[in-house]
Visitor: 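Would you mind keeping the following structure in view while I ask a few things?
Both backbone and side-chain heavy atoms feed into the values below; hydrogens, waters and symmetry mates do not.
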Amino acid sequence: MRVSYYPGCSLEGSARDYDESLRRVFDVLGIELRELEDWNCCGASSAHITDDFLSIALPMRNLEIAEKENDDLLIPCMACFNRLKSAEKAAIGEIKTDVKTSYKGKIKIKHILDFLSEDENLALMERFVKKPLTDLRVVSFYGCLYARPPKITDVADYEDPKSMDRLINILGAESKPWSFKTDCCGGNLALTRIDIVKRLGNNLFDMAIEAGADCIAVACPLCHANLDTRQKEISDEYGKGYYLPVFYMTELIGLSMAHGDAEKWLRRHMVDPMELLRSVGLM
């Protein structure tokens, strides 16, 4: 199987653990990732609030490149996924734009959660689980950009998405139900409105603990940055003793595969996950 891959800017910087684990996991699964040649930033962080034309033109150029490859396009970042889906809607006339494009909408644009949770890929992944994540209790955090607005994302179960929960259960971990899976973590306000990020993060950590989770799974570099790098700061400010490791979904898949690079990815996290993983026999 072969798919096109748009990594986005974060996966070459702050989220390189996400990129590396995703590529290694796909290697094991035998799925060929073809990174788009000469891709550009989709403008996710600021274009949509500063320049309407660029907010569509930037992601549209990536879609035009992808369509020439004629394979499904996979996107790991929630914000990038939202922007490229918006460009798709503009190309087919559902969003008004002045951007001229050659994109015809012949390829499918998928967040990796949707791709990996397809029945055939779940069955494929199950074959490679060497070390089930037994006794790991996880809440799935999708964030606010994965499913909303549904007229852009085309996610059917936008009020209660389950793609990540299905993946977690296939790996042998316990996916804990909670009502905060599509709440906002503060997104790209990490540097401009830290007060908001702290307040939202505190709410999320409280609810994850109440749900009985001992860790959080994410599939977005912005969510990971806000929940992992700010966790100690939030814990100190609110007088809490938070210790909730935040895993990229692809890292959990790699752990279940007993991939030799898993420890390398996890050692880079701000909230050290090793104590938890040792306690459940995964390290």
Side-chain angles (χ1 to χ4, degrees), residues 6-11 14-15 17-19 21-22 42-46 48-49 59 74-86 109-117 138-168 175-194 196-208 211 213 215-231 234 242 244-252 269-271:
Y6 174 76
C9 308
S10 296
L11 274 82
S14 60
D17 311 329
Y18 193 11
D19 182 67
S21 56
L22 189 155
C42 68
S45 296
S46 57
H48 60 294
I49 56 173
L74 299 195
I75 303 172
C77 171
M78 302 294 189
C80 296
F81 172 68
N82 207 290
R83 294 317 310 162
L84 269 71
K85 287 291 291 184
S86 295
I109 303 165
K110 300 179 180 179
H111 188 274
I112 64 159
L113 288 181
D114 296 324
F115 176 76
L116 288 174
S117 62
V138 190
V139 285
S140 306
F141 183 61
Y142 298 80
C144 53
L145 292 174
Y146 165 67
R148 296 197 299 266
K151 65 182 180 181
I152 297 294
T153 64
D154 294 323
V155 173
D157 53 356
Y158 55 91
E159 293 284 0
D160 184 20
K162 295 183 175 64
S163 54
M164 191 155 30
D165 301 82
R166 286 195 288 272
L167 289 166
I168 288 168
S175 177
K176 304 293 291 186
W178 70 324
S179 57
F180 274 50
K181 60 170 60 173
T182 60
D183 269 43
C184 180
C185 68
N188 57 10
L189 298 177
L191 299 177
T192 54
R193 290 298 307 270
I194 298 171
I196 294 176
V197 172
K198 287 179 180 177
R199 174 167 49 83
L200 295 174
N202 180 59
N203 292 340
L204 289 167
F205 295 140
D206 277 347
M207 294 309 297
C215 61
I216 301 172
V218 300
C220 175
L222 292 175
C223 297
H224 191 276
N226 281 337
L227 298 181
D228 182 56
T229 63
R230 292 279 181 200
Q231 191 169 143
I234 294 170
Y242 295 134
L244 286 165
V246 185
F247 297 98
Y248 287 115
M249 192 60 233
T250 45
E251 292 175 327
L252 291 177
H269 289 202
M270 299 297 288
V271 180

Visitor: Hey, is the main chain of G143 close enough, under 3.5 Å, to the side chain of R148 for a donor-acceptor pair?
Guide: no
Visitor: Does OH in Y158 sit with more than 12 non-hydrogen atoms of other residues, nucleotides or ligands closer than 6.0 Å?
Guide: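 Count not over threshold, so no.
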Visitor: Looking only at atom types and distance, does a side-chain atom of D165 sit under 3.5 Å from a main-chain N or O of S175, one as donor and one as acceptor?
Guide: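 Answer holds: no.
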Visitor: Do I194 and R230 make a side-chain contact, defined as non-hydrogen atoms from C-beta onward lying under 4.5 Å apart?
Guide: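 A side-chain contact under 4.5 Å exists here.
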Visitor: Rounded to the nearest 0.5 Å, what separation is found between the CE atom of M78 and the OG1 atom of T153?
Guide: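 Taking CE in M78 and OG1 in T153, the distance rounds to 10.5 Å.
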Visitor: With a 4.5 Å heavy-atom cut-off, do I216 and P245 have their side chains touching?
Guide: no
Visitor: Would Y248 and H224 count as a close aromatic pair, with their ring centres under 6.0 Å?
Guide: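 Y248 vs H224: aromatic centres under 6.0 Å.
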Visitor: Keeping W178 on the side-chain end and A213 on the backbone end, is there a donor-acceptor pair under 3.5 Å?
Guide: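 Answer holds: no.
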Visitor: Compare every heavy atom of L244 with every heavy atom of A208, then report the nearest pair and how far apart it is.
Guide: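 The pair with the smallest heavy-atom distance is CB-CD1, 4.2 Å.
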Visitor: Would you indicate whether the side-chain heavy atoms of P76 and L11 approach each other to under 4.5 Å?
Guide: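 Side chain of L11 against side chain of P76, heavy atoms only: contact under 4.5 Å found.
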Visitor: Where do V139 and A211 come nearest, in terms of heavy atoms and distance?
Guide: CG1-CB, 4.1 Å
Visitor: Can you list the steps and then say if N82 with I152 is a side-chain contact (heavy atoms from CB on, under 4.5 Å)?
Guide: CA-CA 7 Å; N82 207 290; I152 297 294; 4.2 Å; yes
Visitor: Pair C42, C80 - check side-chain contact (heavy atoms from CB on, under 4.5 Å), show working.
Guide: CA-CA 6 Å; C42 68; C80 296; 3.7 Å; yes
Visitor: Below 4.5 Å, heavy atoms only, C-beta onward: do V246 and V271 meet side chain to side chain?
Guide: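 Side chain of V246 against side chain of V271, heavy atoms only: no contact under 4.5 Å found.
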Visitor: Once ring-ring contact (aromatic ring centres under 6.0 Å, His included) is applied, do any residues pair with Y142, and if so which ones, sequence neighbours excluded?
Guide: Y146
Visitor: Between C185 and C223, is there a side-chain heavy-atom distance shorter than 4.5 Å?
Guide: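 A side-chain contact under 4.5 Å exists here.
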Visitor: Taking atom CD1 of I112 and atom CD1 of I75, what is their separation to the nearest 0.5 Å?
Guide: 11.0 Å
Visitor: Evaluate the criterion side-chain contact (heavy atoms from CB on, under 4.5 Å) for residue pair Y242 and N202; output intermediate values, then yes/no.
Guide: CA-CA 9 Å; Y242 295 134; N202 180 59; 2.5 Å; yes
Visitor: Any heavy-atom pair between the side chains of D183 and C144 that's under 4.5 Å?
Guide: no
Visitor: So, taking the atom named OH in Y6 and the one named CD1 in I109, what distance separates them when rounded to the nearest 0.5 Å?
Guide: 12.0 Å
Visitor: With no hydrogens and no angle check, is any side-chain donor or acceptor of E251 less than 3.5 Å from a backbone partner on F247?
Guide: no
Visitor: Return the CG to CG distance between D154 and D114, rounded to the nearest 0.5 Å.
Guide: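 That separation rounds to 10.0 Å.
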Visitor: Mark yes when over 12 heavy atoms from residues, nucleotides or ligands other than M207 sit less than 6.0 Å from its CE; otherwise mark no.
Guide: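 Yes, because the 6.0 Å sphere around CE of M207 holds more than 12 heavy atoms from other groups.
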Visitor: Decide side-chain contact (heavy atoms from CB on, under 4.5 Å) for M249 and V218; before the verdict, give the C-alpha distance in whole Å, the side-chain angles of both, and the deciding distance to 0.1 Å.
Guide: CA-CA 6 Å; M249 192 60 233; V218 300; over 6 Å; no
Visitor: Would you name the heavy atoms of L200 and G186 that are closest together and state the gap between them?
Guide: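 Closest pair (atom of L200, atom of G186, distance): CD1-N, 3.6 Å.
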Visitor: Using ring-ring contact (aromatic ring centres under 6.0 Å, His included) as the criterion, list what pairs up with F141, not counting sequence neighbours.
Guide: none
Visitor: Nearest 0.5 angstrom please: S117 OG to K162 NZ, how far?
Guide: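 Taking OG in S117 and NZ in K162, the distance rounds to 12.0 Å.
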Visitor: Quick one: does P150's side chain get under 4.5 Å of V155's, heavy atoms only?
Guide: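 Of all side-chain heavy-atom pairs linking V155 with P150, none is under 4.5 Å.
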Visitor: So, does D228 use its side chain to make a donor-acceptor pair with the main chain of H269 at under 3.5 Å?
Guide: no
Visitor: Roughly how far, to the nearest 0.5 Å, is the CD1 atom of I168 from the NZ atom of K176?
Guide: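 Between atom NZ of K176 and atom CD1 of I168 there are 12.0 Å.
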